[in-house]
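Contents: one structure, followed by commentary.
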There are 2 protein chains.
Amino acid sequence: MATPETPRTNSAPAEGEFLAAQPDVVARLREDLPDDEVLYDLAELFRMFADSTRIKILYALFESELCVGDIAQLLNLSQSSVSHQLRLLKNSKLVKFRREGKVIFYSLDDDHVRSMIALGMEHVEE
Amino acid sequence: MATPETPRTNSAPAEGEFLAAQPDVVARLREDLPDDEVLYDLAELFRMFADSTRIKILYALFESELCVGDIAQLLNLSQSSVSHQLRLLKNSKLVKFRREGKVIFYSLDDDHVRSMIALGMEHVEE
DNA sequence: TCTTCATATGAGCAAACGTTCACATGAAAG
DNA sequence: CTTTCATGTGAACGTTTGCTCATATGAAGA
């Protein structure tokens with residue numbers, strides 16, 4: 001997808017300002033680094049988990065599919081806020097939905113979501 | 001740590017605005033959700049990975065310890081920018097450092113960093 | 001001590017984010 | 001068709017973010 005993520009100004013730093021202590025290592029690493037596009041996408045993915053509201057939504061969806069109203073009530077959020085966040089999660093392919101009459105049920109759309117959050121938990125819990 | 005993360009206004013939504021389709025499920029989920037504090041910390045952790053500059057820095061540190069100048073040159077960033085980001089990573093206990101004369105070498109301080117990024121990669125690469 | 005070199009840090013700015021508010025959309029019931 | 005109800009969406013707003021610039025810190029060498 002490669003959305004520009006956060007294309008701040010980021011002009012090249014002044015020429016010859018600071019030296020590398022290990023030019024050889026730097027040169028080798030430059031080869032091995034994944035493409036910028038991939039790293040942008042990666043950051044974009046992590047950004048989905050970088051807000052506690054979205055974390056809560058994902059956490060809630062661990063156990064069962066839920067509609068917007070369910071989530072809003074559970075997390076004490078406005079319907080609008082939940083809907084906005086679900087759109088982001090949907091775009092990032094972390095969440096999918098299913099229509100049933102007027103109600104739309106959301107559920108997790110990626111096996112990695114659980115392991116991702118579980119892994120983060122390990123760090124948080126020291 | 002429980003930094004307030006992004007304590008936006010987030011006032012409670014208007015009373016009785018929207019209904020839950022599954023009140024029973026909502027009630028049960030409310031019990032099971034981890035504490036707000038934990039979820040804040042979790043989001044804070046993910047926020048460290050939510051910027052491609054920081055991802056690049058962490059990626060670079062996969063292979064060997066590096067000083068600020070190394071990283072700046074490798075990633076074409078200003079010394080100041082790298083230093084600012086390293087401070088964040090340091091505060092989040094993702095990175096540690098070691099002084100050698102005037103040079104300060106940074107390295108990964110958490111086993112989860114690699115698996116975290118690897119897991120994210122799996123999602124990005126479809 | 002006085003420089004020099006590597007790094008740290010505070011202020012300021014422009015961009016991006018998450019929420020709210022108001023309204024649009026679209027399906028079902030009458 | 002009209003109303004109702006669940007959800008979607010655009011604009012506005014205040015906050016946060018990541019960068020730059022200028023300067024501070026602190027170690028090593030002259």
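Treat the numbers as computed from the prediction; the structure is a model and nothing was measured.
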task: Before accepting this row, confirm whether a basic side-chain N of the pair D36(A)/K56(B) lies closer than 4.0 Å to the acidic partner's carboxylate O.
output: yes
statement: Judged by nearest nucleotide, the residue sitting upstream toward the 5' end of DNA chain C, G101(A) or Q85(A), is Q85(A)
- prompt: So, is R99(A) close to the dA6(D) phosphate, meaning a side-chain N or O under 4.0 Å from OP1 or OP2?
  reply: no
query: Take atom CG in D111(A); do more than 12 heavy atoms of anything else shown fall under 6.0 Å from it?
result: no
field: Rounded distance (Å) that lies between atom P of dT16(D) and atom CG of D51(A)
entry: 13 Å
For residues 117-125 of chain B, tabulate all N or O donor-acceptor pairs below 3.5 Å that involve a side-chain atom, not counting sequence neighbours.
from: E122(B); atom 1: OE1; to: H112(A); atom 2: NE2; distance (Å): 3.0
from: H123(B); atom 1: ND1; to: D110(A); atom 2: OD2; distance (Å): 2.6
from: H123(B); atom 1: NE2; to: S92(A); atom 2: O; distance (Å): 3.2

field: Rounded distance in Å - CG (L88(A)) to P (dT7(D))
entry: 17 Å
message: Side chain of V103(A) only, heavy atoms from C-beta on: which candidate in dT20(D), dA6(D), dC5(C) is closest?
response: dA6(D)
- prompt: Can you tell me if R54(A) uses its side chain to pair, donor with acceptor, with the backbone of F49(A) under 3.5 Å?
  reply: no
d(CZ, F105(A); P, dA27(C)) in whole Å: 17 Å
field: Value in whole Å for how far the C1' atom of dT17(D) lies from CZ of F49(B)
entry: 18 Å
message: Consider side-chain contact (heavy atoms from CB on, under 4.5 Å). Of I57(A), L66(A), V82(A), V68(A), which one does Y106(A) pass it with?
response: V68(A)
- prompt: In whole Å, what is the span from the CD atom of E44(A) to the P atom of dA15(C)?
  reply: 19 Å
Pairs satisfying ring-ring contact (aromatic ring centres under 6.0 Å, His included), at least one member in residues 55-81 of chain B, at least two apart: Y59(B)-F62(B)
Whole angstrom value for the distance that separates P of dG18(D) from CG of N76(B): 19 Å
Mind listing the N/O atom pairs, protein and nucleotides 9-11 of chain C, below 3.5 Å?
from: dT9(C); atom 1: OP2; to: R87(B); atom 2: NE; distance (Å): 3.4
from: dT9(C); atom 1: O4; to: S80(B); atom 2: OG; distance (Å): 2.8
from: dG10(C); atom 1: O6; to: H84(B); atom 2: NE2; distance (Å): 2.9

field: 5' precedence on DNA chain C between E100(A) and R54(A) (nearest-nucleotide basis)
entry: R54(A)
task: Measure from the side chain of K102(A), starting at C-beta and using heavy atoms only, and say which of dA28(C), dT7(C), dT19(C) lies closest.
output: dA28(C)
- prompt: Of all the nucleotides listed (dA8(C), dG26(C), dT7(D)), which has the minimum atom distance to the side chain of I104(B)?
  reply: dA8(C)
query: Contact class for Y106(B) (heavy atom, under 4.0 Å): base, sugar-phosphate, or nothing?
result: sugar-phosphate
task: Write down the distance between CD (Q73(A)) and P (dA6(D)), rounded to a whole number of angstrom.
output: 11 Å
- request: Would you mind reading off the distance between R98(B) atom CZ and dA6(C) atom C1', rounded to a whole angstrom?
  value: 15 Å
- line: Heavy atoms of L74(A) and V26(B) approach each other most closely as CD1-O, 3.5 Å
